[in-house]
Amino acid sequence: MGATIQEIGYAFLETYYHRMNKDPSKVSCLYSQTAELTHTNYQVDFTPSSDTLPTVKLTGKENISKFFTRNNKKVSDLKVKVESCDFQTTGSSHSGILILITGEMFWTGTPTYRFVQTIILAPSGYRDTFDVTNDVIRFIGDNLLPETDVKEET
Amino acid sequence: MGATIQEIGYAFLETYYHRMNKDPSKVSCLYSQTAELTHTNYQVDFTPSSDTLPTVKLTGKENISKFFTRNNKKVSDLKVKVESCDFQTTGSSHSGILILITGEMFWTGTPTYRFVQTIILAPSGYRDTFDVTNDVIRFIGDNLLPETDVKEET
Amino acid sequence: LTSSNATSVEFPLYFNAAPEEFKEAGSKRHELRLKALGLDQGKNQ
Amino acid sequence: LTSSNATSVEFPLYFNAAPEEFKEAGSKRHELRLKALGLDQGKNQ
């Protein structure tokens, strides 16, 4: 394999975010048949005063395809700033790639939302191509205030 | 398999953080032979004015073992607050578990540091046990100020 | 293995420290925040 | 596949937006921050 995992990873991110922007209905082509996706729950209205967004979990390429098609408008409006990427090899014989991304995203008219995302790429079986097997996003609040009344655990 | 991935995941985290606290030299037993670890770089002095910490990447159980043993004192002093966990199944036949953690950590005398961490567990081959194949931590700054002078990309 | 959230866990979870122990460290972080915002007048210790 | 960081990339990376487009959205987030800190006097819009 000629390319480093960084090169493959960055090229993937370029394709991934570009396709969201240009053709959401084809984003699911990047996923494996049994992929799992935890992504922005677009069915819930964004709360203007909240600095995080809820997520929803989907399993399988078909459900993922429906998700991106149904939320076509929002998905294509997504704007992303990536602040860091960490890469590791993973899976059998380390032929897969794990990417840990941090950054901010927004949609027209919204504030920025800070997020972390983990994506796992596995060799697709075709020469030098990869499928997404896992994709998890989690939004990060600011946690600005010091803890004054910490909840007790039971 | 009787336990859910959540149950396995939380039980793992309990073991993982507890062992850091009680016996750092045995933390590496949780990792697979060829595991990759991106963790706090304890060889660099913490900068008091910074809200993030640098990380270092290690490959293989032997190097991971040396890392935890060399940094014994700091590792055993680690205190962790987990604010969210996302779980997905991963790997061949989805027998592995991906965990995306967000939270805060600190050491005696330091401020809290916000972090995100991705851990992948794969079946070890022994009945119902798992090895860590990947473990990546990334510290998150506050990014408090709005962007006034955005750097241009070339 | 299902995608259900059967395990009910209440966040945050604390490891190797009681919730109170996070207060002091958390206030140090908060001071860094105020400094970053230029709001740390009279609090420089 | 190595652990080297041969690929030099300058962060942040922008996708589907120019850096300037993040300014307005970023300032909305900043207003939420000031509100959370109780520092939003005279800025309620």
Side-chain angles (χ1 to χ4, degrees), chain B residues 1-11 13-22 47-52 75-90 93-97 101-114 123 140-146, chain C:
Chain B
M1 191 170 295
T4 66
I5 56 170
Q6 284 83 2
E7 284 164 350
I8 297 167
Y10 289 124
L13 291 182
E14 189 73 45
T15 303
Y16 174 81
Y17 292 124
H18 184 77
R19 197 170 292 190
M20 287 209 185
N21 191 222
K22 295 298 174 207
T47 312
S49 62
S50 175
D51 59 6
T52 65
V75 172
S76 65
D77 184 39
L78 177 66
K79 300 152 215 317
V80 179
K81 176 166 77 170
V82 170
E83 287 168 349
S84 75
C85 283
D86 288 278
F87 300 97
Q88 289 187 348
T89 64
T90 189
S93 61
H94 290 266
S95 54
I97 299 171
I101 302 154
T102 71
E104 297 181 1
M105 50 177 58
F106 76 98
W107 295 261
T108 302
T110 75
T112 47
Y113 295 95
R114 303 191 73 190
I140 304 277
D142 281 326
N143 288 14
L144 278 186
L145 295 176
Chain C
L1 300 184
T2 73
S3 66
S4 77
N5 280 304
T7 316
S8 84
V9 166
E10 219 176 304
F11 290 103
L13 302 170
Y14 292 90
F15 298 96
N16 308 337
E20 304 79 49
E21 295 182 62
F22 266 82
K23 279 192 189 174
E24 191 193 330
S27 69
K28 283 183 185 165
R29 172 81 172 215
H30 192 63
E31 275 170 36
L32 289 179
R33 283 189 183 119
L34 294 181
K35 248 177 220 170
L37 287 166
L39 299 167
D40 60 326
Q41 300 95 324
K43 288 200 179 181
N44 48 331
Q45 55 173 22

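Within the 4.5 angstrom heavy-atom criterion, atoms from both the backbone and the side chain of C:Glu21 approach chain B. Looking at B:Leu78, the atoms closer than 4.5 Å to chain C (heavy atoms on both sides) all sit in the backbone: N, CA, C or O. Using a 4.5 Å cut-off between heavy atoms, B:Ser76 makes no contact with chain C at all. Residue B:Thr108: no heavy atom, backbone or side chain, is found under 4.5 Å from chain C.
For an aromatic pair to be called close, the ring centres must be under 6.0 Å apart, and C:Tyr14 with C:Phe22 satisfies this.
A search for side-chain contact (heavy atoms from CB on, under 4.5 Å) contacts involving B:Asp142 returns B:Asp51, B:Arg114, B:Leu144, C:Arg29, C:Arg33, not counting sequence neighbours. With sequence neighbours excluded, no residue forms a salt bridge (charged side-chain N to carboxylate O under 4.0 Å, His left out) with B:Glu14.
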For this session: Could you please spell out the steps behind the salt bridge (charged side-chain N to carboxylate O under 4.0 Å, His left out) verdict for C:Glu24 and C:Lys28?
Result: CA-CA 6 Å; C:Glu24 191 193 330; C:Lys28 283 183 185 165; 3.8 Å; yes
